[in-house]
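Naming convention: chains lettered A, B, ... in sequence-line order (proteins, then strands); numbering from 1 in each chain. Small disclaimer: the values here were computed from a predicted structure and weren't measured.
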Amino acid sequence: MSKVLFYLLDVGHAFAEGSMEIRLWGVDSEGKTVLVRDRSFSPWFYLICRSKSEAEKALNLINSSKTRFHKIRSTELVTKKLFGREVTALKIACQDHESAAEYSESLQKLPQVSGIAENDVRPTEQYLLQRGLLPCTWIEAETEFAKEERLVAGGSFRLTGDIRPSGDRARPALKIMSFAVLYSASGRNRLILVSARTSEGVSVQFEAEEDEGSIISGFVDFVHDNDPDMVVGYQSNSVDWPLLMRRARDLRLRLDVDRAGGEPHPSIHGHISIAGRANVDLFEIARDQAEPKVKTLENVVEHLGIARHALRVEDCEIDQAWKDPEKRKRLRDYAAQKAELILKLSEAFLDYAIQMSSLTGLPLDQVPAATAGFKVDAYLIREAYKLGELIPQRVERPYYPYRGGLVLAPKPGLHENIAVLDFTSMYPNLMLLYNVSPDTLLQAGDREADAYEIPGLGYRFRKSPEGMYTIVLNNLLTARSAIKAKIDSLRRDSAEKRVLEAQEQAVKTIANAVYGYAGWIGARWYVREVAESTAALGRNTIETTLNEARNLQLELTYGDTDSIFVENDAKKVEKLEATIRERLKMEIKMDKVYARVLFTEAKKRYAGLLEDGSVELVGLEAVRGDWSEIAKKVQEKVVEIVLREKSPKKALEYVRNIVDSIHRKDVEYSQFVIWKTLAKPLEAYEVRAPHVEAARELIRDGWRLTLGDKIGYVITSTPGKLYQKAKPYIKATVKDIDAEYYAANQVIPAAFRILEILGVSEDQLPKPTAQRRDRSVVEFMEHKP
DNA sequence: GCGGCGCTACTACCT
DNA sequence: ACAGGTAGTAGCGCCGCG
């Protein structure tokens, strides 16, 4: 017998010699690959019964049909909780997940059975729950050496005894491989070039000489030679892997890049799974971040300061460049750069992904692919298991909307010295304060003297014991404070500090998402009343705060959900904070002070000048991804002139100059591009829209588009509706640009939004001239058949 | 045939 | 597919207009 200590990277299950086997893949302290196989696991499900006697009846029935249910390993009558209520249930554990699925299907039809639970929790997830293990943590296992396998450098072991967390979390040195695929993007989608790079500094490229086969076989060999623990790409789950898999299939080649002699395969959350290696698509992490708006690899690394002036090649140039021997070198450099940037980006994202993995229990490769809702789901599953709560089935249900946060109409105009006060973690703290949780909600008929009643809604939540959300949020908020304190105690930037910051970010993400999760119909613990009550408590909180501010004669300019904007009167603000603390048991704190702030008539749109001289724009065109750069730049500049110099005149002058340069087309082409997300399949659109028409044109040219792709288009001088004027930006030049559109529908509205607040009238801004109108009429006539 | 009007679709933002 | 609240542009159908 030998003890194996390893860092868990991937979990899988398989059938071996007729029985189900859980496979734990990891690395040991020397960085060698380890595989631990466990054949002792029995996946389970629960049958919920109406009463104990009914449960006994069902149990007898099942136990007397041993032949029919011969793959049941054990049955047990248990008392559990479901949504905080005691239930009697039968725990049925089976030989493997297939028999579990089959039996759960038939047994839930028994008349004694009123419900079912945990049948839709994946076997690997059940395994980790039962053994108390988390991915991206160290585990010790009592095993015996099974065999030396070609694909498992550190050896393959069979679990013979205990398996448990070792308590250590320090990340070992992981072997990482990045890769990027270049392909002929339009039409046939043939492989042109694959570039790969390892964290040990090995770099390689595979090119199509005669055929693509050499690329695939070369790549597969490279993966095995370097044996990475983690494979990183950019859009690799949506583009690179599917393309490699498709071409390998077409060419009848095996893409056996995993550690078990198998091929990549689609898994949950739409990601590609590679047994024994963590396959991570860094685009999926970038996707969750607000900036940059257009998330190309080059934009993302530049935004993060990882690289500057990254080499850029448009997808549509690749074919041509490859055919031209002169340009081939540039293409090779571009592919090599991609692999390098992806590797660097993985360093920037890895700490966060690891922390999220060990917090939620999701394997590392699933973390980036899982949406926020599923991350919370995974986290709650772990906490519920520890609390002895059954994990409810995910069920389809109807959607009922409810009222959300309160938004005040701003006082339009320019204001000086305005303080922004906001509640720290308002929703989580309200849920804590009122024990708002799926398992504390009382039903209409419940008699419970000691309960919180939600004003205006009448829902009641019992005061004790603490609900699941209460416990969880308490843990998360307490952990976050502790992590923050630790970060503050570390003065200099260090690896330890960065890990803590990543951990804090992960904890914060989950804590902030719990409220939204509660109101999400896809949630296992969906209870609309929980979300609805929290939002109602939030409205009351902000209402009370507003009233107290009025009592103190503290002038209000704006407020949204958990924040209020007031005159910066230190004494009154302090009084307000104290009153709120006392009356509501909530913390409202001054977040920042605007030396000057400008509100439009609209909610959720304003611009402020901070005391350090920096300018912030909120909600305005300039911070939106779907306006042209030129319009955004002009609006930002106007805001700066207005806030810093209070000179609408100067701003006006600036706008006039820019509009002139637009008409002269003395503006860089990229400034005209408008980006919009393709949010649904083309055929699902009910109206014609510019970005949809541009997307259709790209498809006609043979491009593959994915849901969620950003479509870049420009408005050309083609006559007609806007959607007829739109052209994919790669297919037009500055000559095609409709200057009048950009002046009249982009730059001027964005600038006027700010200037009108300062009393500038519309006719002080440039307007379409007769001459310009005439020219478009001429063009229109010329285009007539 | 066309402009004005009101409604809807669509996207992306704020907290 | 974490929530609701909100702004803004453009498309589209309808109406009136001798």
*List in chain and number order the residues that pass side-chain contact (heavy atoms from CB on, under 4.5 Å) with A:Lys592, two or more places apart in sequence or in another chain; answer none if no residue qualifies.*
A:Val420, A:Tyr594, A:Leu610, A:Glu616
*Any side-chain N or O of A:Lys293 under 4.0 Å from OP1/OP2 of B:dC13?*
yes
*So what does A:Tyr558 touch, heavy atoms closer than 4.0 Å: a base, only the sugar-phosphate, or nothing?*
nothing
*Around atom CZ of A:Arg403, are there more than 12 heavy atoms of other residues, nucleotides or ligands at under 6.0 Å?*
no
*Rounded to the Å, how far apart are A:Lys680 NZ and C:dA1 P?*
15 Å
*side-chain contact (heavy atoms from CB on, under 4.5 Å) with A:Val667: which residues, sequence neighbours excluded?*
A:Ile630, A:Ser661, A:Ile662, A:Gln671, A:Phe672
*Is there any side chain to side chain donor-acceptor pair (under 3.5 Å) pair reaching into residues 418-434 of chain A, and which pairs are they, with sequence neighbours excluded?*
none
_Under the rule for ring-ring contact (aromatic ring centres under 6.0 Å, His included), what residues qualify as partners of A:Tyr352, not counting sequence neighbours?_
none
Got a list of side-chain donor-acceptor pairs under 3.5 Å for residues 356-370 of chain A, not counting sequence neighbours?
residue	atom	partner	partner atom	Å
A:Ser357	OG	A:Leu362	O	2.7
A:Ser358	OG	A:Ile354	O	3.3
A:Ser358	OG	A:Gln355	O	3.3
A:Thr360	OG1	A:Met356	O	2.7
A:Thr360	OG1	A:Leu362	N	3.1
A:Asp365	OD2	A:His271	NE2	3.1

_Nearest whole Å is fine: how far is C:dA3 P from A:Tyr469 OH?_
12 Å
*Within 6.0 angstrom of A:Lys731 NZ, more than 12 heavy atoms from elsewhere*: yes
*Could you state the atom-to-atom distance from CE of A:Met426 to P of B:dC14 in whole Å?*
19 Å
*asked:* Are the side chains of A:Thr557 and A:Phe599 in contact, using a 4.5 Å heavy-atom criterion?
replied: yes
*asked:* Among residues 522-533 of chain A, which ones have heavy-atom contacts with DNA chain B below 4.0 Å?
replied: none
*Which part of the nucleic acid does A:Val618 contact within heavy-atom distance under 4.0 Å: base, sugar-phosphate only, or nothing?*
sugar-phosphate
*Tell me whether the OP1 or OP2 atom of B:dC10 has a side-chain N or O from A:His691 closer than 4.0 Å.*
no
Please table the atom pairs, donor to acceptor, closer than 3.5 Å between any side-chain atom in residues 681-692 of chain A and protein atoms at least two apart or in another chain.
residue	atom	partner	partner atom	Å
A:Tyr685	OH	A:Ala679	N	3.0
A:Tyr685	OH	A:Lys680	N	3.4
A:His691	NE2	A:Thr677	O	3.3

*Answer with base, sugar-phosphate or nothing: what part of the nucleic acid does A:Val514 contact at a heavy-atom distance below 4.0 Å?*
nothing
*Check the distance between C:dA1's P and A:Lys375's NZ and give it to me in whole angstrom.*
12 Å
*Please identify each residue that fulfils salt bridge (Lys or Arg N to Asp or Glu O under 4.0 Å) with A:Asp738, with sequence neighbours left out.*
A:Lys725
*To the nearest Å, give me how far apart OH (A:Tyr713) and C1' (B:dC10) are.*
11 Å
*Going 5' to 3' through nucleotides 4-11 of chain C, assign each nucleotide B (protein heavy atom under 4.0 Å from a base atom), S (under 4.0 Å only from sugar-phosphate atoms) or - (no protein heavy atom that close).*
BBSSSSSS
_Neighbours of DNA chain C within residues 365-372 of chain A, by heavy-atom distance under 4.0 Å_ = A:Thr371, A:Ala372
*Would you kindly give the CD-to-P distance between A:Gln289 and B:dA12, to the nearest whole Å?*
17 Å
*d(NZ, A:Lys508; C1', C:dC2) in whole Å*: 16 Å
_side chain to side chain donor-acceptor pair (under 3.5 Å) pairs, two or more places apart, involving residues 596-609 of chain A_ = A:Glu416-A:Arg596, A:Asp560-A:Lys604, A:Arg605-A:Glu621
*Not counting sequence neighbours, list each pair that qualifies as a ring-ring contact (aromatic ring centres under 6.0 Å, His included) and has a residue in residues 356-378 of chain A.*
A:His269-A:Phe374, A:Phe374-A:Trp520
*Would you indicate what A:Lys725 reaches in the nucleic acid, counting non-hydrogen atoms under 4.0 angstrom: base, sugar-phosphate, or nothing?*
nothing
*Contact class for A:Gly516 vs. all strands (heavy atom < 4.0 Å): base, sugar-phosphate, or nothing?*
base
*Give the rounded distance in Å between these two atoms: NZ of A:Lys632 and P of B:dT11.*
17 Å
